[in-house]
Trainee: 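Just passing along the structure, written as structure tokens.
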Amino acid sequence: MAKICLCLTGKTIQRNLEILNKYRKFADLTELRVDCLDPDERLYIRRFPELAGMPVILTIRRDIDGGCFAGGEGARVRLLARGLAYANDDSRHNFAYVDIEDDFKVPSLEEAARTFGTRIIRSCHNLQGVPDDIHEKIKSMQRGGDEIVKIAVAVKTTSDVVKVYQASKACKSKDKIFICMGHYGIYSRILAERFGSMLTYSSALSETEMPGASGQIDVRELSELYRFTKITKKTKVYGVVGNPLKTTVSPWFFNTVFGLENYDAVYVPFPTNSINDFFHLAKEFDVQGLSITVPYKEAVLSELHDCSAAVQSIGACNTMYPRTEGWFGENTDCTGFSDSLLAFINRKHLKHLKISIIGAGGVARAVAAEIYKLGGKAVILNRTVHKAKSIASQYKFHWAGLDIQGIEIMSKYNDIIIQASPVGMEGYDDSNSNDPLTMYSFTGREVVMDLIYTPPLSPFLKRAAAAGCKTINGYDMVIRQARLQYACFTGHEIPSQLLTWVNSTGDNTWNKIRTG
Ligand code: NAP
């Protein structure tokens with residue numbers, strides 16, 4: 001089973017020990033990043049394994065490989081020698097591993113490491129992307145003996161992740177480490193076991209100024225939320241696909257419920273820039289269920305073998321799970337949305353209500369279908385007008401752009417306003433403004449629902465609340481639709497006492513996780 005390695009990037013030995021002692025229960029081993037230590041502190045690294053009381057990797061990462069060591073190679077060799085010197089008969093007092101690069105050639109030092117039982121991690125870091133000759137490179141690194149091959153690549157796309165995964169599959173070394181650094185590689189760290197890696201690197205993100213590398217996950221989150229050390233070949237893999245995927249609540253919700261139910265499953269964020277490349281990996285990982293979010297709810301339709309009547313009529317899918325013949329598509333946004341809105345306004349239908357929908361993407365399709373079903377009348381306003389028209393014509397609704405004309409119609413359709421664009425969502429940077437409709441002045445009589453839930457109060461919702469409107473964000477909806485997804489994925493409902501717990505603690509727990 002893969003292990004968790006806690007990277008220590010503090011400036012002093014003392015600080016590293018403080019962090020280690022606070023987080024040691026979440027890690028199996030630790031890495032002392034000597035390159036991050038203040039120069040004076042580097043004199044005292046030899047005693048670190050004894051002080052740490054767990055297996056330690058000795059690493060002096062060069063700046064060209066993404067580390068902090070800017071000195072010459074001679075100075076680095078002397079430091080490595082200092083770390084490996086005076087080997088103790090009790091191997092727990094020696095470094096358990098030393099990370100040295102593929103182009104490092106100091107046979108005497110390597111020999112000393114081997115003699116005293118310090119295993120060599122033969123590493124290759126590439127911050128530019130996947131090297132064209134990755135397979136040849138790996139072959140040249142497999143020098144036999146007890147060495148561990150380590151490949152760490154800064155991936156720029158999902159296609160890069162696929163290449164690294166394939167390289168790992170082709171590498172026959174018993175012990176190996178393959179890591180995709182950066183945003184698109186986050187799941188290579190959680191699914192290290194599927195990637196064939198013997199360990200994953202993580203950091204205590206709330207404590208350190210600098211994670212060990214880009215894309216590392218907080219060690220507590222990896223251990224407690226993702227239950228990393230329990231992930232085996234039998235563990236079922238679920239996840240959420242989207243981009244940028246920085247603020248989704250779904251991993252927290254599903255992993256919490258899986259844990260409480262003792263269900264052997266993990267739910268992983270799958271940020272992707274290419275849905276086709278992602279589905280290649282989904283097959284490899286035998287993914288058993290997917291939530292689909294911005295901007296892929298329409299793009300995944302071509303991947304479906306079959307779908308529900310809701311997906312068929314709405315033309316957007318937010319839930320996928322495999323059946324014998326292929327992927328089945330469902331849409332849980334519809335019921336999640338209408339249940340949340342009706343509960344909020346304490347009604348059973350939307351008859352005699354005039355409603356504005358901002359946005360004409362995947363979720364707006366579900367919103368429009370439900371408003372129609374519940375007897376409401378609506379106008380759809382969107383940046384790209386023809387998309388608003390295409391949805392609106394299906395239900396005999398009005399449509400308009402996000403402009404003066406749109407505002408005029410909106411002021412007649414303002415019993416309820418549904419904000420269904422990502423403008424204002426944390427991490428969404430496709431806009432000059434974080435309010436999709438600054439031109440609209442709230443009267444204070446509108447009910448306003450913003451489907452965004454991070455931040456809990458979007459600028460749009462804040463403005464509505466300040467004008468006296470009754471407001472609700474998308475948190476209640478996301479939990480309601482996730483509950484339906486859970487039933488699709490597992491074939492059974494979440495027990496009601498679990499749901500009560502999730503609902504009562506959710507906002508706080510989620511915000512705590514997010515802010516560390
Ligand atoms: P989507 O399919 O990508 O659609 C995005 C929509 O927003 C499009 O109509 C797009 O207009 C519009 N838009 C994007 N950037 C814009 C900008 N800068 N200015 C004006 N309009 C812009 O996304 P989605 O899946 O429908 O999701 C939309 C939002 O709803 C997201 O924030 C998502 O998190 C939230 N959501 C919440 C829940 C929940 O349960 N609470 C569920 C689903 C979605 P164009 O057509 O012109 O590109």
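Just so we're clear, the structure is a prediction, and the values are computed from it rather than from any experiment. Atoms within each ligand, like the ligands themselves, are counted from 1 in listed order.
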Trainee: In the protein, what heavy atom is nearest to atom 33 (C) of ligand 1, and what distance, to one decimal place, separates them?
Mentor: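 Checking every protein heavy atom, the shortest distance to atom 33 (C) of ligand 1 gives Val294 CG2, 3.6 Å.
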Trainee: Would you say Glu408 and Ser411 are linked by a side-chain donor-acceptor pair, where the criterion is simply a distance under 3.5 Å?
Mentor: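 The answer is no; no qualifying pair exists.
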Trainee: Let me see the working for Leu350 and Leu341 under side chain to side chain contact (heavy atoms under 4.5 Å, CB included), right down to the final yes or no.
Mentor: CA-CA 10 Å; Leu350 299 173; Leu341 178 64; 4.1 Å; yes
Trainee: Closer than 4.0 Å to some heavy atom of Lys387 - which atoms of ligand 1 meet that?
Mentor: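 It comes down to these atoms of ligand 1: 45 (P), 46 (O), 48 (O).
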Trainee: Heavy atoms only: which of Gly362, Pro422, Ser421, Pro295 is nearest to atom 5 (C) of ligand 1?
Mentor: Pro422
Trainee: Between Asp286 and Lys236, does any side-chain N to carboxylate O distance fall below 4.0 Å?
Mentor: no
Trainee: Can you tell me if Thr293 has a non-hydrogen atom under 4.0 Å from ligand 1?
Mentor: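 No; Thr293 lies far enough from ligand 1 that no heavy-atom distance drops under 4.0 Å.
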Trainee: Any heavy atom of Gly359 sitting closer than 4.0 Å to ligand 1?
Mentor: yes
Trainee: Can you report which non-hydrogen protein atom sits closest to atom 30 (O) of ligand 1, along with the distance?
Mentor: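 Ranked first by proximity to atom 30 (O) of ligand 1 is Val363 CG1, 3.6 Å.
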Trainee: So which bit of Leu402 gets within less than 4.0 Å of ligand 1, heavy atoms only: side chain, backbone, both or neither?
Mentor: side chain
Trainee: Do the numbers put Arg220 on top of the ring of Phe26, so that NZ or CZ is under 6.0 Å from the six-membered ring centre and no more than 45° off the axis?
Mentor: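 Output no; distance or angle outside limits.
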Trainee: Using a strict 4.0 Å threshold on nitrogen-to-oxygen distance, state whether Glu446 and Lys470 make a salt bridge.
Mentor: no
Trainee: Determine whether more than 12 heavy atoms belonging to other residues, nucleotides or ligands lie under 6.0 Å from atom NZ of Lys462.
Mentor: no
Trainee: Please report which non-hydrogen protein atom sits nearest to atom 4 (O) of ligand 1, along with the residue it belongs to and the distance in Å to one decimal place.
Mentor: Gly361 CA, 3.2 Å
Trainee: Given 3.5 Å as the limit, does a donor-acceptor pair link the side chain of Thr30 with the main chain of Leu6, or not?
Mentor: yes
Trainee: Give the intermediate values and the outcome of salt bridge (Lys or Arg N to Asp or Glu O under 4.0 Å) for residues Glu284 and Lys169.
Mentor: CA-CA 11 Å; Glu284 292 282 334; Lys169 246 178 112 174; 2.9 Å; yes
Trainee: Identify, by atom number and element, the atoms of ligand 1 in contact range of Ile452, meaning under 4.0 Å from any of its heavy atoms.
Mentor: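 Answer for ligand 1: 32 (O).
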Trainee: Could you tell me the residue and atom name of the protein heavy atom closest to atom 48 (O) of ligand 1, and the distance to it rounded to 0.1 Å?
Mentor: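 Protein heavy atom at minimum distance: Arg383 NH2, 2.9 Å.
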Trainee: Are any of the N or O atoms of Asn382 closer than 3.5 Å to those of ligand 1?
Mentor: yes
Trainee: Determine whether the side chain, the backbone, both or neither of Ala316 has a heavy atom under 4.0 Å from any heavy atom of ligand 1.
Mentor: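 Within the 4.0 Å criterion, Ala316 makes no contact with ligand 1.
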Trainee: Against heavy atoms of Thr384, which atoms of ligand 1 measure under 4.0 Å?
Mentor: 45 (P), 46 (O), 47 (O)
Trainee: Using heavy-atom distances only, which candidate in Leu451, Asp450, Asp333 approaches atom 42 (C) of ligand 1 most closely?
Mentor: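 That would be Asp333.
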Trainee: Note the single closest protein heavy atom to atom 28 (C) of ligand 1, along with its residue, its atom name and the distance in Å.
Mentor: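 Of every protein heavy atom, Ala420 O, 3.3 Å lies nearest to atom 28 (C) of ligand 1.
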Trainee: Can Ser250 and Thr248 be counted as having a side-chain donor-acceptor contact under 3.5 angstrom?
Mentor: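 Yes - a donor-acceptor pair under 3.5 Å links their side chains.
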Trainee: Verify the distance criterion only: is there a donor paired with an acceptor across the side chains of Tyr321 and Gln288 at less than 3.5 Å?
Mentor: no
Trainee: I need the nearest protein heavy-atom contact for atom 19 (N) of ligand 1: residue, atom name and distance, please.
Mentor: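 The closest heavy atom on the protein side is Val423 CG2, 3.5 Å.
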Trainee: Establish, from distance only, whether the side-chain atoms of Tyr486 and Gln481 form a donor-acceptor pair under 3.5 Å.
Mentor: no
Trainee: Indicate whether the side chain of Ser340 and that of Asp476 have a donor and an acceptor atom separated by less than 3.5 Å.
Mentor: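 Yes - a donor-acceptor pair under 3.5 Å links their side chains.
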Trainee: Quick one: does Tyr428 get a heavy atom under 4.0 Å from ligand 1?
Mentor: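 For ligand 1, residue contact (heavy atoms, under 4.0 Å) with Tyr428 is present.
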Trainee: Could you list the atoms of ligand 1 found under 4.0 angstrom from a heavy atom of Gly474?
Mentor: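 So the atoms of ligand 1 that pass are 39 (C), 41 (N).
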Trainee: Please compare Met425, His386, Lys297, Met477 and report which has the shortest non-hydrogen distance to atom 44 (C) of ligand 1.
Mentor: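 Heavy atom nearest to atom 44 (C) of ligand 1 belongs to Lys297.
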